[in-house]
Amino acid sequence: MNWISQKEFIEIYPPKEFNTEECLIFLKRSNQEVLHRIKDGYLFKLLKINGLPILCQIKLQSNSIKVEFPMHVPSERSHEEIAQYIWAWFDLEKDLSSFYEMAKEDSILKPLVQNYYGLRIIGMPDLFEALVWAISGQQINLTFAYSLKRRFVEQFGESVMFKGETYWLFPLPERISTIQVDDLRQLQFTHRKSEYIIDIAKMMAIGQLSKEKLLIKATYDEMKKCLVSIRGVGAWTADYVLMKCLLQPESFPIADVGLHNALKRQLALNQKPTIEEITSYAMHWTGWQAYATFYLWRSLYDETL
DNA sequence: GCCCAGGCGCTAC
DNA sequence: GTAGCGCATGGG
């Protein structure tokens, strides 16, 4: 991690392939997003650090990410944790040069990496958030998924007010482990999804499941196997979480309908590609399937490609 | 009213 | 091991 810590702010230095505009397009994709806000040229994000809510005011620039604290300045020992969150949020650890080397020889990815050069996977460092988000979004459109997430966060999360705006924290497993299925049914989660989410909260609250425990696993397949053993987590959800939370570049949610639609459009097909066809395209992407997927998802936000 | 949504678990064969 | 089905509701 390349950064400096001062008393009143942090400055993080991203690698050269980092396009702030591209990252912002992703961060702005829903007007129902409640876990960050973009305002006055800053990105605002509330984090809970050592038990305290810390509002971060982030200036994203290509050569520097400056983080200031407009409410409470955290202790200097908290600075590293904040920097690590942001480092993971924008997947700044990855060296994308070999992805770009591969992509410029790939007929599907070539135009995407030209158009979106410097786009990085926008991560979700909080495992509970990643699991709840993925499960909530199973088999429903993204707009509805964002509605569910907003209700969930506003019902069970902590918040702070600053200059007339409310900033939210994602609810902790400890809190969700104590609620009932009906509490989530009222927010229009399905009965099943409500059970899955509460069960996962219980597992995480007692430490049976954590990011650390997953990262101990030696291989991708072992991490995936561990996730898939959880009720409500199938192959798609496991790959999604490994991509967005554990930042595994080889993760590949191959059954993803967004991926299918992006490929259909990119290749001007009359129908969505089959799994066999996608497997064939992806042979060339080995080791970078997550980035290939993320760039394809990005293409869905362009009207003119 | 219809089809599709960033799927999954369960059952039957 | 896999094909089929119910879930449960919003968006277009």
Side-chain angles (χ1 to χ4, degrees), chain A residues 25-35 91 112 116 119 121-124 126-127 129-152 154-155 181-201 203 209 224-248 250-266 269-276 278-279 281-282 285 289-303:
Chain A
I25 287 170
F26 190 86
L27 291 169
K28 285 182 197 167
R29 70 180 177 153
S30 171
N31 55 17
Q32 293 201 85
E33 178 60 68
V34 284
L35 295 178
D91 195 21
L112 302 179
Y116 315 134
L119 172 66
I121 286 180
I122 306 298
M124 217 176 258
D126 177 348
L127 178 62
E129 179 189 337
L131 281 164
V132 171
W133 171 241
I135 289 169
S136 308
Q138 290 167 3
Q139 185 60 16
I140 59 172
N141 64 68
L142 268 181
T143 307
F144 186 38
Y146 270 107
S147 297
L148 291 175
K149 168 169 144 177
R150 183 174 48 75
R151 292 174 196 156
F152 183 80
E154 291 180 351
Q155 180 84 45
V181 165
D182 280 350
D183 296 325
L184 291 180
R185 286 288 297 123
Q186 285 182 10
L187 306 185
Q188 291 177 294
F189 285 79
T190 66
H191 193 95
R192 284 273 166 77
K193 286 181 183 177
S194 304
E195 290 178 355
Y196 303 155
I197 287 168
I198 293 168
D199 284 351
I200 287 170
M203 289 174 72
L209 171 67
K224 182 168 174 178
K225 195 172 154 192
C226 177
L227 285 168
V228 170
S229 74
I230 300 166
R231 195 161 160 263
V233 179
W236 177 86
T237 303
D239 286 322
Y240 181 89
V241 167
L242 287 168
M243 169 181 176
K244 294 276 285 184
C245 182
L246 286 300
L247 302 176
Q248 301 295 304
E250 70 270 48
S251 68
F252 192 30
I254 192 165
D256 183 83
V257 67
L259 175 69
H260 301 176
N261 286 329
L263 284 167
K264 173 171 179 261
R265 191 164 124 176
Q266 202 63 23
L269 306 173
N270 292 321
Q271 49 206 345
K272 289 192 270 191
T274 64
I275 297 295
E276 291 71 31
I278 300 170
T279 304
Y281 306 143
W285 305 343
Q289 296 91 329
Y291 264 84
T293 301
F294 201 72
Y295 273 63
L296 281 159
W297 283 347
R298 168 65 182 84
S299 73
L300 292 170
Y301 295 95
D302 266 346
E303 297 304 324

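All chains are named by letter (A, B, ...) in the order of the sequence lines, taking the proteins before the strands, and each is independently numbered beginning at 1.
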Contact class for A:I230 vs. all strands (heavy atom < 4.0 Å): base, sugar-phosphate, or nothing? sugar-phosphate
Respond yes when some side-chain nitrogen or oxygen of A:N261 is under 4.0 Å from OP1 or OP2 of B:dA5, and no when none is. yes
Just to confirm, is there a sub-4.0 Å distance from OP1 or OP2 of C:dG10 to any side-chain nitrogen or oxygen of A:Q188? yes
Rounded to whole Å, please give me the gap between CZ in A:R231 and C1' in B:dC10. 10 Å
If the P atom of C:dA8 is compared with that of B:dT11, how far apart are they to the nearest Å? 15 Å
Can you tell me how far P of C:dG11 sits from CG of A:L148, to the nearest Å? 10 Å
If you round to the nearest 0.5 Å, how far is CG of A:D199 from OG of A:S194? 10.5 Å
Is a donor-acceptor pair below 3.5 Å formed from side chain A:N141 to base C:dG11, judging by atom type as modelled? no
From CG of A:D256 across to P of B:dC8 the rounded distance in Å is 10 Å
Closest non-hydrogen atom pair between A:E250 and A:Q289, with its separation: CA-OE1, 3.3 Å
Rounded off to whole Å, could you give me the CG-to-P distance for the A:L227 and B:dG9 pair? 12 Å
Nearest heavy-atom contact between A:W297 and A:L259 is NE1-N, 3.5 Å
Checking all strands, does A:H191 fall into the base, sugar-phosphate, or nothing category for heavy-atom contacts under 4.0 angstrom? sugar-phosphate
What integer distance in Å separates A:I135:CD1 from B:dG7:P? 13 Å
Atom NZ of A:K193 and atom P of B:dA5 are separated, to the nearest Å, by 14 Å
Criterion side chain to side chain contact (heavy atoms under 4.5 Å, CB included) against A:N261, the qualifying member of A:L300, A:D256, A:L296: A:L300
When we call it a touch if two heavy atoms are under 4.0 Å apart, what does A:A145 touch: a base, just sugar-phosphate, or nothing? nothing
A:I275 atom CD1 is separated from C:dA3 atom C1', nearest whole Å, by 15 Å
Kindly say if A:T143 contacts the phosphate of B:dA5, meaning a side-chain N or O under 4.0 Å from OP1 or OP2. no
A:Q139 near the nucleic acid: base, sugar-phosphate alone, or nothing, with a heavy-atom cut-off under 4.0 Å? base
Whole-Å gap separating P (B:dC4) and CG (A:L142): 17 Å
Return whichever of A:I140 or A:S147 has its heavy-atom-nearest nucleotide of DNA chain C closer to the 5' end. A:I140
Over all strands shown, is A:Y196 touching base, sugar-phosphate only, or nothing at heavy-atom distances under 4.0 angstrom? sugar-phosphate
Classify A:K272 by what it touches in the nucleic acid, base, sugar-phosphate, or nothing, heavy-atom distance under 4.0 Å. sugar-phosphate
For A:L142 against A:Y301, the heavy-atom pair lying closest together: CD1-OH, 4.1 Å
